[in-house]
Amino acid sequence: MTEPAQASSGKEPIKASELDPKFKYQLLKTHGSEKILKCFQCGTCTSDCPVARYSDSYRPRTLIHMAQLGLKDRVLKSDTLWLCAACFTCTDRCPQDVEVANVIRVFRNMAAENGCVPQVFKDQAASLLESGYAYKIPELRVKKRESQGLPPLPKGNAEKVKKVLKGVKFMDSAQKPVGGQSSGQ
Ligand code: SF4
Ligand code: SF4
């Protein structure tokens, strides 16, 4: 795989060489996406998705359709994949019990395995390891709290966070270079 897709809209003409006929079988065997072929493209997931309502490009139905067709690279490199808020509305409303939110999670896990994680999440992952917080709290804000007599913020426990994340191979996938090997963290 190369850089995260500019082709994430999925509107470009499909080339036969892009199709991976094995992708759907891989999904059928993966926990969370076993029911993907039950999707009959009714569009309920997209029409009820709160993110799709405010996005011109995020369409869970389309991602599922692309996966059914075998457009693996387009799905995994899609930057819209990372817009899902994991609210599970789609899962509740899907008439085919596809468990759409879980399918999106599977796509993300596969994308991460291939190094297709947006830089913003890689930065958050690095911050978690360093400070125990997903966002670095600016020194200016800490000082402002002090000046206003507010109690100090609790210290993040980076070591504990590392221990937990190591168990789920978080850093292996979150920091993996695109299409490359793990950073080994
Ligand atoms: S609601 Fe279910 S069946 Fe309908 S398009 Fe979405 S995943 Fe497919
Ligand atoms: S879980 Fe994701 S795809 Fe499903 S409705 Fe919520 S934001 Fe949309």
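As the structure lists them, so they are numbered: ligands from 1, and atoms in each ligand from 1.
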(message) Considering only residues two or more places apart or on different chains, which pairs with a residue in residues 37-64 satisfy salt bridge (Lys or Arg N to Asp or Glu O under 4.0 Å)?
(response) D48-R93
(request) Around atom 6 (Fe) of ligand 2, find the nearest protein heavy atom and jot down its residue, atom name and distance. (result) C87 SG, 2.3 Å
(request) For residues Y58 and C84, report the shortest heavy-atom separation together with the two atoms involved. (result) OH-CB, 3.3 Å
(request) Quick one: give me the number of protein N/O/S atoms under 2.8 Å from atom 6 (Fe) of ligand 1. (result) 1
(request) Return the minimal non-hydrogen interatomic distance between I14 and R74, and the atom names on each side. (result) CA-NH2, 3.7 Å
(message) Only heavy atoms of P50, strictly under 4.0 Å: list the atoms of ligand 2 that pass.
(response) 5 (S)
(request) Run the numbers for me: atoms of ligand 2, each under 4.0 Å from some heavy atom of A86, listed by number. (result) 1 (S), 2 (Fe)
(message) Distance under 4.0 Å to a non-hydrogen atom of A101: what atoms of ligand 2 satisfy this?
(response) 1 (S)
(message) Would you say that Q41 contacts H65 through its side chain, given a criterion of any heavy-atom pair below 4.5 Å between the two side chains?
(response) yes
(message) Per the ring pair (Phe, Tyr, Trp, His ring centres under 6.0 Å) rule, what does the pair list look like for residues 74-118, sequence neighbours excluded?
(response) W82-F121
(request) Identify, by atom number and element, the atoms of ligand 2 in contact range of V51, meaning under 4.0 Å from any of its heavy atoms. (result) 7 (S)
(message) Does either side chain, that of N109 or that of E113, offer a donor lying less than 3.5 Å from an acceptor on the other one?
(response) no
(request) Check each atom of ligand 2 against the heavy atoms of T89 and keep those under 4.0 Å away; list them by number with element. (result) 5 (S)
(message) When you compare the side chain of C39 with that of Q96, does any pair of heavy atoms fall below 4.5 Å?
(response) no
(message) Among all protein heavy atoms in this structure, tell me which lies nearest to atom 8 (Fe) of ligand 2, with the distance rounded to 0.1 Å.
(response) C49 SG, 2.3 Å
(message) If I take atom CG from residue D92 and atom CD from residue E99, how far apart are they, to the nearest 0.5 angstrom?
(response) 10.5 Å
(message) How far is atom 7 (S) of ligand 2 from the closest protein heavy atom, and which atom is that?
(response) A85 N, 3.3 Å
Under 3.5 Å, side-chain donor or acceptor atoms of residues 142-154 against the rest of the protein: list the pairs with distances, not counting sequence neighbours.
| residue | atom | partner | partner atom | Å |
| --- | --- | --- | --- | --- |
| R145 | NE | P151 | O | 3.4 |
| R145 | NH2 | P151 | O | 2.8 |
| S147 | OG | K144 | O | 2.7 |

(request) Report the part of Y58 (side chain from C-beta onward, or backbone N, CA, C, O) that has a heavy atom under 4.0 Å from ligand 2; answer both or neither where that applies. (result) side chain
(request) Check each atom of ligand 1 against the heavy atoms of P95 and keep those under 4.0 Å away; list them by number with element. (result) 1 (S)
(request) Keeping the roles fixed (side chain from E34, backbone from G32), state whether a donor-acceptor pair exists under 3.5 Å. (result) yes
(request) Would you mind running through ligand 2 and noting each atom that sits below 4.0 Å from a heavy atom of F88? (result) 1 (S), 6 (Fe)
(request) State, yes or no, whether a side-chain contact exists between K160 and K163 at a heavy-atom distance under 4.5 Å. (result) no
(message) Quick one: does any side-chain atom of S55 pair with a main-chain N or O of V51 as donor and acceptor, under 3.5 Å?
(response) no
(request) Please report which non-hydrogen protein atom sits nearest to atom 2 (Fe) of ligand 2, along with the residue it belongs to and the distance in Å to one decimal place. (result) C84 SG, 2.3 Å
